Novice: 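Questions regarding the structure given below will be posed in turn.
Worth saying up front: this structure is predicted, and the values here are computed from it rather than measured. Sequence positions, counted from 1, serve as the residue numbers for this chain.
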Amino acid sequence: MNQAIPPRISVCVANYNGEHVLIDCLDSVMAQDVDALVEIIVHDDASTDASLALLRDRYPQARVIASEHNAGFCTANNRMVAQARGDFVLLLNNDATLATGALAALLRASNSQQPSGILSLAQYDWESGALVDHGCLLDPFCNPVPNLDPARSKVATVIGACLWLPRSLWLDLGGLPQWFESIAEDMYLCCCARLIGRPVQVVPGSHYRHRQGASFGGNRIGATGLSTTVRRRRLSERNKTAVMLICYPLPSLCLLLPMHLLALSAEAIFLLLTGSALNTVRTIYTPILPWLWRHRHDIAAQRRRLRATGRISASEYFSQTVWFPHKLSMLLRHGTPEIR
């Protein structure tokens, strides 16, 4: 790459022990047909496999940030964007691959988007090839509801496996909260963007494929129904609660937060009654309130910051909300989830 000419697009790939998926991911970036300079940045989060050797030998053009310690997904992306030189940033999971025209579609849509915001593409499952979503809506408790309507481009949030935004917007939002670690950081970024009047949309005409659940397990509906993992649920429940505390308008928060906490308590009791181990339930739900208390200053500071620059009304913010609780819908449809 000619370092004297700044790239237009920075593709940032967070990697941890992804040797088995990196080739598919990075080859799909290298194969892009786009009239713009593209740089590839990979953050290796202290992998114990041969990821670094693979990157060195097969992708010398990629800029590699090799962390000595496992820093987590949010920190990895913050480090990459801090070094990115492109006008636009694409956060791409190491277990995702882009269709050939993906970057061209994203760049074209971003150039015409007013005001500029967050974009993504239709997501397809790696194994089955089935459509997963055209972005997501949210229920009142910040549970993602897949949007399966290709005609609906404006959504509440998109999946961080393929998330595009101007680097200037990233800087305005302050990047990802490192204390999230992982899970729901994409929701956080999208909700913050919407609060300051920036759209979140899915671009037609291209797509990406994703190995769902490869990093944290679960997050998919199998032949036997819903499955998830203790780690995914633990991070998800606490981080979604933080998003509510940071982003929800105060009157809505006063109404919905007690309902949310009551629903989590009922969920914990239900899982115990249906056979989940006490230690499993305790690991998922018990740490939520202590964790929120420890980060109360972070939550309050970001809430004040967003409120000072917020440009949309509560009705606009909740315009991408499905009011029936998504977890209840999934329970009625698929039964009690298996938690591993």
Side-chain angles (χ1 to χ4, degrees), residues 14 16-18 45-49 69-76 93 95 136 138-145 159-161 176-188 211-246 256-299 325-340:
Y16 175 67
N17 286 347
D45 211 9
S47 293
T48 57
D49 63 5
H69 308 286
N70 191 271
F73 186 77
C74 289
T75 299
N93 273 22
D95 57 3
C136 293
L138 292 174
D139 79 358
F141 309 123
C142 280
N143 295 298
V145 182
I159 305 303
L176 300 178
Q178 297 186 178
W179 42 281
F180 265 46
E181 298 176 52
S182 188
I183 302 293
E185 74 290 326
D186 42 14
M187 180 192 304
Y188 162 87
R211 294 177 172 91
Q212 293 185 89
S215 300
F216 286 88
N219 195 38
R220 59 188 305 115
I221 302 170
T224 58
L226 294 170
S227 68
T228 186
T229 64
V230 171
R231 187 184 180 204
R232 176 179 287 277
R233 287 294 290 274
R234 177 178 63 84
L235 293 171
S236 174
E237 301 305 347
R238 73 175 203 192
N239 290 353
K240 286 185 296 186
T241 308
V243 172
M244 292 180 67
L245 286 166
I246 291 169
L256 293 172
L257 183 62
M259 294 173 63
H260 171 63
L261 296 176
L262 183 63
L264 289 179
S265 300
E267 186 178 308
I269 293 170
F270 176 78
L271 289 173
L272 285 173
L273 294 176
T274 53
S276 294
L278 175 61
N279 189 55
T280 294
V281 174
R282 182 186 293 138
T283 301
I284 294 170
Y285 298 98
T286 303
I288 295 175
L289 291 179
W291 181 83
L292 291 170
W293 178 255
R294 285 198 304 276
H295 292 285
R296 65 192 183 279
H297 298 302
D298 298 309
I299 291 169
H326 185 59
K327 283 185 181 178
L328 180 56
S329 174
M330 297 298 283
L331 178 67
L332 295 173
R333 194 178 310 165
H334 302 287
T336 306
E338 175 192 5
I339 304 177
R340 302 190 302 275

Novice: Would a 4.5 Å heavy-atom cut-off, applied to side chains only, mark Lys327 and Phe141 as touching?
Specialist: no
Novice: Would you indicate whether the side-chain heavy atoms of Leu264 and Ile288 approach each other to under 4.5 Å?
Specialist: yes
Novice: Go through it in stages, so that I can follow the logic: the residues are Arg340 and Ser227, the test is side-chain contact (heavy atoms from CB on, under 4.5 Å), and I'd like the CA-CA distance, side-chain angles, deciding distance and then a yes or no.
Specialist: CA-CA 8 Å; Arg340 302 190 302 275; Ser227 68; 3.3 Å; yes
Novice: Rounded to the nearest 0.5 Å, how far does CD1 of Ile299 lie from CG of Leu292?
Specialist: 5.0 Å
Novice: Compare every heavy atom of Val230 with every heavy atom of Thr280, then report the nearest pair and how far apart it is.
Specialist: CG2-CG2, 3.6 Å
Novice: Has the side chain of Ser329 got a donor or acceptor atom that lies under 3.5 Å from a matching backbone atom of Pro325?
Specialist: no
Novice: Report yes if the side chains of Thr75 and Leu176 come closer than 4.5 Å at any heavy-atom pair, otherwise no.
Specialist: no
Novice: Are side-chain heavy atoms of Phe73 and Glu185 found at a separation under 4.5 Å?
Specialist: yes
Novice: Taking the side chain as C-beta and beyond, is there a heavy-atom pair between Tyr188 and Asn239 under 4.5 Å?
Specialist: no
Novice: Asn143 and side chain to side chain donor-acceptor pair (under 3.5 Å): which single residue from Glu237, Lys240, His260 fits?
Specialist: Lys240
Novice: To the nearest 0.5 Å, what is the distance between CG on Leu271 and CD1 on Ile284?
Specialist: 6.5 Å
Novice: So, do Thr228 and Glu338 sit near enough that their side-chain heavy atoms are less than 4.5 Å apart?
Specialist: no
Novice: Quick one: pull up CD in Glu267 and OG in Ser276 and give me the separation to the nearest 0.5 Å.
Specialist: 10.0 Å
Novice: Compare every heavy atom of Asp45 with every heavy atom of Asn70, then report the nearest pair and how far apart it is.
Specialist: ND2-O, 3.1 Å
Novice: Given side-chain contact (heavy atoms from CB on, under 4.5 Å), test Leu235 with Phe180 step by step and report yes or no.
Specialist: CA-CA 8 Å; Leu235 293 171; Phe180 265 46; over 6 Å; no
Novice: Compare every heavy atom of Cys142 with every heavy atom of Val243, then report the nearest pair and how far apart it is.
Specialist: CG1-SG, 4.0 Å
Novice: Just how far is it from atom CD of Gln212 to atom CG of Asn93, taken to the nearest 0.5 Å?
Specialist: 11.0 Å
Novice: On a heavy-atom basis, which atom in Cys74 and which in Ser182 lie closest, and how many Å separate them?
Specialist: SG-N, 4.4 Å
Novice: Counting C-beta onward and ignoring hydrogens, is there a side-chain heavy-atom pair between Thr241 and Arg238 closer than 4.5 Å?
Specialist: no
Novice: Could you give the distance from CG (Leu245) to CZ (Arg296), rounded to the nearest 0.5 Å?
Specialist: 13.0 Å
Novice: Using 0.5 Å steps for rounding, measure from the CZ atom of Arg233 to the OG1 atom of Thr283.
Specialist: 12.5 Å
Novice: Going by the angle between their ring planes, with limits at 30° and 60°, are Trp291 and Trp179 parallel, tilted or perpendicular?
Specialist: tilted
Novice: Would you check if Cys136 and Val145 make a side-chain contact, meaning some heavy-atom pair closer than 4.5 Å?
Specialist: no
